[in-house]
Amino acid sequence: MDTLKISRRGFLKLSAATASAGAVPPLVAKAAAPAAPRPPVTATVTLHVNGKPQTLTLDTRTTLLDALREHMHLTGTKKGCDHGQCGACTVIVDGRRINSCLSLAVMHEGARVTTIEGLGTPRALHPMQAAFVRHDGYQCGYCTPGQICSAVAVLDEIRDDIPSHVSGDLGVHATPSPLEIRERMSGNICRCGAYSNIVEAIAEVAGSKA
Ligand code: FES
Ligand code: FES
């Protein structure tokens, strides 16, 4: 009987060739061509900012904060967290304060927007601005525009008998007590810790004692 003689090296070569012949060719995924970016959806919106109409065509994802700062160049309103957690971006829209970083500009067609630039001027400060200066209600000043816009709206809320979490009796006219002021201003964070002076400033404008 003939015996097939094969060296070890030859055996290995043969095995490799056999294995590769029988192997399923790897699936080579054809790389999908990257999709062309879709152009942003835009809309035209008119806002009445500090008494002046402003018509802008914006990417519909633009926040009110970015519309004010980047498109109208009203940089008094500050971007702190950009997540609704610090209050630095507070502005007054139709008489109520909002975090402008959490609100899309296109949601406010026709609205009246008041920013810190619309409250007073360096020569004619709003009473709340003057009180903040008198009471040293700031250090770095980054939170201050939001604090002042919020404080102005807080006094309106109290005048309009809108209750807060600490209002004891809904049937009684709310007073701008330090407790009420602290509670209502709790969404405005001050990293410098000027809180006690801020409360004193607001209480002075409200006519109460802090
Ligand atoms: Fe809007 Fe902080 S920047 S809440
Ligand atoms: Fe600096 Fe408030 S004054 S964060």
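Counting starts at 1 for both ligands and their atoms, in listed order. For the single chain, residues carry numbers from 1 onward in sequence order.
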Which of the atoms in ligand 2, numbered in the order shown and given with their element, are less than 4.0 Å from a heavy-atom of Gly141?
1 (Fe), 3 (S)
Quick one about Thr90 and Arg97 (side-chain donor to acceptor, distance below 3.5 Å, no hydrogens or angles considered), yes or no?
no
Please confirm if an N, O or S atom belonging to Cys192, backbone or side chain, lies less than 2.8 Å from atom 2 (Fe) of ligand 2.
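So Cys192 does not bind atom 2 (Fe) of ligand 2 by this criterion.
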Take atom 1 (Fe) of ligand 1 as the vertex and measure to SG of Cys89 and SG of Cys101; round to 10°.
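SG of Cys89, atom 1 (Fe) of ligand 1 and SG of Cys101 span an angle of about 100°.
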Would you kindly say whether Glu180 and Ser167 are connected by a side-chain donor-acceptor distance under 3.5 Å?
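Yes, because at least one side-chain N or O of Glu180 sits under 3.5 Å from a partner of the opposite role on Ser167.
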With salt bridge (Lys or Arg N to Asp or Glu O under 4.0 Å) as the criterion, how do Asp156 and Arg96 come out once you've worked through the C-alpha distance, each side chain's angles and the decisive distance to 0.1 Å?
CA-CA 9 Å; Asp156 288 342; Arg96 295 283 176 244; over 6 Å; no
What residue and heavy atom of the protein are closest to atom 3 (S) of ligand 2, and at what distance?
Gln139 N, 3.1 Å
Go through the side-chain N and O atoms of His173 and Asp161 and say whether any donor and acceptor fall under 3.5 Å apart.
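Their side chains do contain a donor-acceptor pair, which is all the 3.5 Å distance test asks for.
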Atom indices of ligand 1, in the order listed, that fall short of 4.0 Å to a heavy atom of Cys86:
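Listed by number with element: 2 (Fe), 3 (S), 4 (S).
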Would you mind listing which atoms of ligand 2 come within a distance below 4.0 Å of any non-hydrogen atom of Cys143?
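Contacts of ligand 2 toward Cys143, numbered from 1: 2 (Fe), 3 (S), 4 (S).
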Note: ligand 1 atoms sitting under 4.0 Å from heavy atoms of Gly84 are 4 (S)
Treat each ILVMFWY residue as a node, draw an edge where side-chain heavy atoms are under 4.5 Å apart, and state whether Val45 and Leu65 are in one component.
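Different clusters: Val45 never reaches Leu65 through Ile, Leu, Val, Met, Phe, Trp or Tyr contacts under 4.5 Å.
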Asp82 heavy atoms, cut-off 4.0 Å: which ligand 1 atoms fall inside?
2 (Fe), 3 (S)
Candidates Val49, Leu104, Ile98 - the one meeting side-chain contact (heavy atoms from CB on, under 4.5 Å) with Leu64:
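Testing Leu64 for a side-chain contact (heavy atoms from CB on, under 4.5 Å) against Val49, Leu104, Ile98 leaves exactly one candidate, Ile98.
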Would you check whether Ala194 reaches within less than 4.0 Å of ligand 2, judged by its heavy atoms?
no
Give a yes/no answer: is there an N/O/S atom of Cys140 under 2.8 Å from atom 2 (Fe) of ligand 2?
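False for Cys140.
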I'd like to check which ligand 2 atoms, numbered from 1 as shown, lie under 4.0 Å from a non-hydrogen atom of Cys190.
2 (Fe), 3 (S), 4 (S)
With no hydrogens and no angle check, do the side chains of His71 and Thr62 hold a donor and an acceptor under 3.5 Å apart?
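The criterion, which ignores hydrogens and geometry beyond distance, is not satisfied for Thr62 and His71.
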Atom 4 (S) of ligand 2: the protein heavy-atom neighbour that sits closest, reported with distance to 0.1 Å:
Arg191 N, 3.2 Å
Is Met185 linked to Ile189 within one hydrophobic cluster, defined over Ile, Leu, Val, Met, Phe, Trp and Tyr using a side-chain heavy-atom separation of less than 4.5 Å?
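Met185 does not cluster with Ile189.
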Check each atom of ligand 1 against the heavy atoms of Cys81 and keep those under 4.0 Å away; list them by number with element.
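Going through ligand 1 atom by atom, the ones under 4.0 Å from Cys81 are 2 (Fe), 3 (S), 4 (S).
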Under 3.5 Å, is there a donor-acceptor pair between the side chain of Asn99 and the main chain of Cys101?
no
